[in-house]
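Here's the structure we're looking at; comments come further down.
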Amino acid sequence: MAEPAHRTGVRAPVGVDTSRASIARVYDYSLGGKDNYDVDRAAFEQILQIAPHQGDVSRMNRRWLHRVVRYLAGPAGIDQFLDIGAGLPTVGNTHQIAQQENPEARVVYVDNDPVCNAHGRVLLEQNENTHFVSGDFLEKNTLLESKSVMQYLDPDRPIAVMLCGLLHHLDDDLDPPGLMREYISRLPAGSYVAITNFWDPADENPELHALAKQLERAFTEMGLGSGWYRTREEQLRYFDGLELIPPGFTELEDWWPAGPSTRERLPEERVVIGGVGYKRPAPAPRLHSIDGAG
């Protein structure tokens, strides 16, 4: 059985320890990667006993990331990306998608796992606009105050912050909504925040609610030691101060799908939701004439 997450925070990064399952390595295995060990595969097999198509969830998450980055680097005009909890490199990483739209787009990846950092620097730093930095989402005053991160980004211009599959690994005691408020308060106007997370449909769908609770127990007690399924209402708090881009906070395949679905959506795919929030610039002050008219 995996070591459970401490109630005061997530476990320390696993790094090269092959006796404990690693979030990054399990995700790599779920995508068909090779940077994983027996302990990671065993942890994921525990999940597959409840959700045999969980690997499809990982691939769905990557497709969502690709669509969002294309939108942000394309129509939204964003050319700075901060990808937090980047994990191990895989196919179609953030910088590859962003720089297809805009070759000058700058991407900074951040992860707190030393193995991810070693792999990331070798495989992702392919040009002068792409960097991999060691850092932690929980860092005091946020990563937006980190010199090692912000040396590559302009703090006065819009930034897209990518948080795919990260917040559901933070327990309630860490106050994920409060942490997000800290980040959002430091983002310049015109910025975006993209989030995906495990979802507990609760009363919206009792059958899927039961699946979500089963999966939560598997993740937190038998697999990785973390992975909480929260309700839509709980997760909407992550976007406080932002305007949700249509279609809102939805099941991932409902967010600007590439085309009509070719099959029925799997239950596992329906307990993950995502959304993109926009930090609208403050309205310009209204000027009044001296005589009070206008």
Side-chain angles (χ1 to χ4, degrees), residues 5 9-11 23-24 26-27 30-31 47 50-51 53-69 82-87 94 110-112 136-138 160-184 192-205 208-209 211-220 223-242 244-245 247-256 265-278:
V10 293
R11 297 178 304 168
I23 293 169
V26 169
Y27 188 61
S30 73
L31 287 167
I47 306 301
I50 297 167
H53 300 287
Q54 192 69 15
D56 292 274
V57 174
S58 298
R59 291 185 285 275
M60 176 184 67
N61 200 55
R62 296 301 292 184
R63 293 194 299 271
W64 185 91
L65 172 70
H66 294 172
R67 297 197 301 275
V68 167
V69 172
L82 177 58
D83 190 331
I84 305 175
T94 298
V110 181
D111 204 283
N112 65 357
D136 197 310
F137 176 74
L138 303 175
V161 177
M162 313 301 295
L163 294 163
C164 292
L166 174 65
L167 296 176
H168 57 228
H169 289 296
L170 305 182
D171 67 51
D172 291 342
D173 290 344
L174 285 170
D175 185 21
L179 292 168
M180 285 308 306
R181 284 193 296 272
E182 289 289 319
Y183 274 85
I184 291 167
Y192 290 82
V193 175
I195 295 173
T196 65
N197 278 310
F198 297 155
W199 175 45
D200 176 5
D203 294 339
E204 294 185 48
N205 189 314
L208 290 178
H209 164 69
L211 173 62
K213 299 318 287 184
Q214 281 185 294
L215 280 165
E216 180 175 273
R217 285 191 293 273
F219 273 105
T220 60
L224 292 173
S226 65
W228 287 275
Y229 285 69
R230 297 184 172 108
T231 67
R232 188 189 306 273
E233 183 179 359
E234 288 174 314
Q235 296 192 54
L236 281 171
R237 296 171 61 200
Y238 301 156
F239 295 95
D240 284 352
L242 302 177
L244 275 171
I245 300 299
F249 202 35
T250 67
E251 293 181 31
L252 299 194
E253 296 290 43
D254 289 334
W255 203 95
W256 289 29
R265 201 169 300 171
L266 300 164
E268 297 94 322
E269 294 173 322
R270 300 197 58 201
V271 288
V272 182
I273 54 177
V276 178
Y278 174 60

Please name the pair of heavy atoms, one in [X] and one in [Y], separated by the smallest distance, quoted to 0.1 Å.
X    : Y    : answer
V110 : D136 : CG1-N, 4.3 Å
H209 : D200 : ND1-OD1, 2.6 Å
D111 : G87  : OD2-N, 2.8 Å
L252 : G274 : CD2-N, 3.2 Å
A212 : V271 : CB-CG1, 4.4 Å
A194 : W64  : CB-CH2, 3.9 Å

[X] versus [Y]: any side-chain heavy-atom pair under 4.5 Å?
X    : Y    : value
L163 : Y183 : no
I50  : L211 : yes
F198 : L215 : no
I273 : Q235 : yes
R181 : P177 : yes
C164 : N61  : yes
Y192 : V68  : no

Has [X] got a side-chain atom pairing as donor or acceptor with [Y]'s backbone, closer than 3.5 angstrom?
X    : Y    : answer
D171 : L174 : yes
E268 : V57  : no
T196 : G165 : yes
R232 : E204 : no

Quiz item: Are F249 and Y238 close enough that their ring centers fall under 6.0 Å?
Solution: no

At what distance, to the nearest 0.5 angstrom, does [atom1] of [X] lie from [atom2] of [Y]?
X    : Y    : atom1 : atom2 : value
N197 : Y229 : CG    : OH    : 10.5 Å
E234 : D172 : CD    : CG    : 7.0 Å
S226 : E216 : OG    : CD    : 10.5 Å
H66  : T94  : NE2   : OG1   : 7.5 Å

Quiz item: How are the rings of H169 and F219 set to each other: parallel, tilted or perpendicular (split at 30° and 60°)?
Solution: perpendicular

Practice problem: Not counting sequence neighbours, which residues clear side chain to side chain contact (heavy atoms under 4.5 Å, CB included) with L242? List them please. | Solution: I184, V193, F239, K279

Quiz item: Looking at residues at least two apart in the chain, or sitting in another chain, which of them share a salt bridge (Lys or Arg N to Asp or Glu O under 4.0 Å) with E253?
Solution: R63, R67

Self-check item: Pairing residues for E251 by the salt bridge (Lys or Arg N to Asp or Glu O under 4.0 Å) criterion, not counting sequence neighbours
Solution: R265, R270

Quiz prompt | Step-by-step side-chain contact (heavy atoms from CB on, under 4.5 Å) determination, L31 to R62 | solution = CA-CA 9 Å; L31 287 167; R62 296 301 292 184; 3.9 Å; yes

Self-check item: R59 and D56 ion-paired at < 4.0 Å
Solution: yes

